[in-house]
Amino acid sequence: MDDNCNDFPQCVSRVRRSLPPLLTSWLLASLLSVCGSSIAQTPANLLINGDAQAGLCANDWLAVKTIPGWRTLLGSPTVLCNAIMKLTGTDEKTSGKAFFAAGPYGDSVLVQTIDIADAAQAIDASQVTYQLSGALGGKGRHIGEAQVVASFLGGHGEILGPPAKLDGATAKARDYANRFLARSVSGAVPAGTRTISVQLQFIHTAPVNNVGYARDLSLTLSVPVAPRPLQRPPSQVPHFDHVFFVMMENTDFSQLIGSRHAPFINQLAREGTLLANYNGVAHPSDENYLAVAAGDTYVQGAVYFPELQLDIRHIGDQLDAAGKTWKAYEQGMGTPCNLTSKYDKDYLPDDAPFILFSNVAKDPVRCAQHLVDTRELATDLGSGATTPDFLWIAADEYHDGEDSGNGNAHSLQVQDKWLKQLLQPIFASPAWTSQRSLLILTWDESARQTGYNQIATIVYGSKQTTASDTVSTRSYNHYSTARVIEDALGVDPMTANDRYVEPYNDAFSADTRMPASTLSASLPEVAVGANVVLEYILKPDDRKTDAWIALFPRQTQTLSRKAALLARKVPVWGGVAGISTAHLKPGAYSAYLITGNTPAPVAGPANFTLIP
């Protein structure tokens, strides 16, 4: 055996680089001759970050972290630190520092797709087997659990052969204890397989947060396939001269989007890109501010200024290091760096988070230079040169929607009027009309404080730099916004959360205005009892009435809502629906998007298969 070939992935990569890409069989034979037969005994784990160790972990049951290597389809899954929970039973030992968890807002789904085309020749000769393994767990008597399904797909995404599944770590199986149970399954890789889609579902979690767990997930093949390295998700965010960031408060997505009480906001959503699967990362407010401004939540629970002071690196530091200018504009501040409410009874100094950072709060000169009243904005907008590269703009507690009613009709009217007065001068400024400028309008958290944190986020750029009248259904959160700000202005990431999160690239694609409503199934196969994930977008003409996603057996001819096996009412415009399959049987199904003003479905079929 070659003494320089003790590392399996390096050995695979070295041999692959020395060969033409189509000579897969020679690659496999060469591996054995170069590295010895013992390499077959140590197959590589093809799952990226299958052990949940690559990113940050939470010691807060209510906080969300980025999970490197995985794409979130539904909910807000997270990674918890081992220290957060005491385990009992015979399988109490945990590896590493952390494990996957359902997250604080109910059921959730993660997925990653593994390319195994390099082993195509051996696979098509029916010479390849797989092993899927991991430890699944839960909390005490709670019924929440984890489930892993691996689907074998052909070159066109078609399902090939039976999937692999790990499950069974029910509360009863765990003896109603905090425990992980080892699970493993193996079998033959179906001929024709080119990719394997691996989904990690957390089910039956509501209404309790973080009650399903997984760790040490592994997928291996009996022939060598080089595992992919962990990489930062690619960015298509273009360069901008200015980024205007506005964070309002305590308003649900469902309260705002489509509401007649917020006409300006909804018109802005039509002119830009609406992120319809965007969630806050914590409750209450300040952790969400920190996620954008510093790449993590950092604190636990209701801790506010002046008790909250952090000696950490933040976006202001990153901008300074890159030679960029920045200011936070706060309604009611009065004089620069004022920390009292003498000018505005509804003013709170931490509505923009920079006062929470020690290197701002304890430096009067720096604080006065960067923290100012919103009245200074009119002067700074006088030219592109005097407009900062990054602007964080905050309303006071009344106008941001919280003290005016937490997203109720009056609150929406107050927010809508304030935003119109704020943004119209920005859109008329030289920074907007003559330069490349980006507006990100979001909310810190939902009005509901338990089991839910979906909020609206609107992305709108000058000079047609963002897609118009577009709805995105991909999963994003405040770390995604931090990443977009960094990429737009060319500054470095702050933590693993914003480094490995996916930016909202689809907001910057060519105009993706939909000529028709769409519906798609995100997963080809789902186990009975888990959630089928359906992404949908309604074109403007179909948004004028209520909408439902209806499920039917495959090949059903009568496609009315009344004839459906089940129908879920969904928000207009678009989004992601996770629909439980607990009351369905194994088989082939189709989903359709139905509205109240058309006799036929406006989108579908979205096909999926339920497995036992």
Side-chain angles (χ1 to χ4, degrees), residues 64 66 72 74-76 105 235-237 240 243-259 262 264-283 285 287-293 295 315 390-395 400-401 407 412 415-416 419 422-423 437-448 452-461 465-488 497-498 501-509 512 535 537 571-576:
V64 176
T66 296
T72 298
L74 178 71
S76 296
Y105 310 124
S235 175
Q236 298 174 15
V237 180
F240 284 90
V243 175
F244 297 83
F245 177 71
V246 183
M247 179 176 273
M248 307 297 276
E249 289 202 356
N250 293 47
T251 301
D252 292 3
F253 180 96
S254 59
Q255 291 175 300
L256 175 64
I257 298 304
S259 172
F264 176 78
I265 297 172
N266 280 273
Q267 179 61 35
L268 188 64
R270 284 188 286 271
E271 294 177 0
T273 297
L274 172 67
L275 308 183
N277 189 13
Y278 189 108
N279 291 276
V281 298
H283 289 302
S285 297
E287 287 102 318
N288 294 291
Y289 300 155
L290 292 170
V292 176
I315 189 67
F390 176 67
L391 305 86
W392 184 305
I393 306 173
D400 68 13
L412 294 181
Q415 294 182 64
D416 199 66
L419 284 167
L422 169 74
L423 295 177
S437 292
L438 177 67
L439 168 68
I440 302 172
L441 171 61
T442 191
W443 280 252
D444 62 344
E445 59 181 333
S446 63
R448 282 181 277 176
Y452 182 92
N453 208 356
Q454 186 187 10
I455 51 182
T457 296
I458 299 167
V459 188
Y460 180 52
T465 48
T466 54
S468 63
D469 202 5
T470 297
V471 178
S472 168
T473 58
R474 293 184 76 89
S475 176
Y476 300 120
N477 59 27
H478 291 321
Y479 301 130
S480 308
T481 292
R483 170 84 189 269
V484 168
I485 294 169
E486 293 159 358
D487 292 354
N497 287 325
D498 50 307
V501 76
E502 180 183 0
Y504 21 94
N505 291 326
D506 44 357
F508 305 100
S509 60
T512 53
E535 302 181 39
I537 300 173
V572 296
W573 288 55
V576 173

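Starting from 1, each residue takes its place in the sequence as its number.
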Taking C-beta and beyond as the side chain, do [X] and [Y] meet within less than 4.5 Å on heavy atoms?
X	Y	result
Phe245	Val292	yes
Leu274	Ile257	yes
Ile265	Ile458	yes
Val246	Ile440	no
His478	Ile455	yes

Under 6.0 Å between ring centres, would you say that holds for His283 and Tyr105?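 Judged by ring-centre distance (under 6.0 Å), His283 and Tyr105 do meet the cut-off.
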Please report the interatomic distance [atom1]([X]) to [atom2]([Y]), rounded to the nearest 0.5 Å.
X	Y	atom1	atom2	answer
Asn250	Ser446	CG	OG	8.0 Å
Gln454	Ser254	CD	OG	7.0 Å
Glu486	Arg483	CD	CZ	8.0 Å
Leu419	Leu412	CG	CG	11.0 Å
Phe244	Leu441	CZ	CG	13.5 Å
Glu271	Leu439	CD	CG	11.0 Å

Thr466 side chain to Ala507 backbone, donor-acceptor under 3.5 Å: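 No: the side chain of Thr466 does not pair with the backbone of Ala507.
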Donor-acceptor contact present, side-chain Ser472 to main-chain Leu275, <3.5 Å: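 No; zero donor-acceptor contacts below 3.5 Å.
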Minimum heavy-atom separation for [X] and [Y], please, with both atom names.
X	Y	value
Val243	Ala488	CG2-CB, 3.9 Å
Ser480	Val501	OG-CG2, 3.5 Å
Ala262	Leu256	CB-CD1, 3.7 Å
Val237	Pro503	CG2-CB, 4.1 Å
Ala276	Val471	CB-CG1, 3.7 Å
Asn266	Gly258	OD1-N, 2.6 Å

Please determine whether side-chain contact (heavy atoms from CB on, under 4.5 Å) holds for the pair Thr465 and Leu438, giving the CA-CA distance in whole Å, both sets of side-chain angles, and the decisive distance to 0.1 Å. CA-CA 8 Å; Thr465 48; Leu438 177 67; 5.5 Å; no
Before you tell me yes or no, could you show the steps for Asp498 and Ile485 under side-chain contact (heavy atoms from CB on, under 4.5 Å), namely the whole-Å CA-CA distance, both residues' side-chain angles and the distance that decides it to 0.1 Å? CA-CA 10 Å; Asp498 50 307; Ile485 294 169; over 6 Å; no
Is the Tyr504 ring parallel, tilted or perpendicular to the Phe508 ring (thresholds 30°, 60°)?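 Correct class here is parallel.
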Please tell me whether [X] and [Y] have a donor and an acceptor in their side chains that are separated by less than 3.5 angstrom.
X	Y	value
Thr457	Thr442	yes
Asn277	Thr473	no
Trp443	Gln415	yes
Tyr278	Asn453	no
Glu445	Ser285	yes

Verify side-chain contact (heavy atoms from CB on, under 4.5 Å) between Tyr476 and Asp506, making sure each step is shown before the conclusion. CA-CA 11 Å; Tyr476 300 120; Asp506 44 357; 2.8 Å; yes
Test of understanding: with salt bridge (charged side-chain N to carboxylate O under 4.0 Å, His left out), list the residues that count as partners of Glu287, not counting sequence neighbours.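 Glu287 satisfies salt bridge (charged side-chain N to carboxylate O under 4.0 Å, His left out) with no other residue.
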Under a 4.0 Å threshold between the charged nitrogen and the carboxylate oxygen, would Asp252 count as salt-bridged to Arg448?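 Here Arg448 pairs with Asp252 in a salt bridge, since their nearest N and O are under 4.0 Å apart.
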Show your reasoning for whether side-chain contact (heavy atoms from CB on, under 4.5 Å) applies to Tyr479 and Val281. CA-CA 8 Å; Tyr479 301 130; Val281 298; 3.9 Å; yes
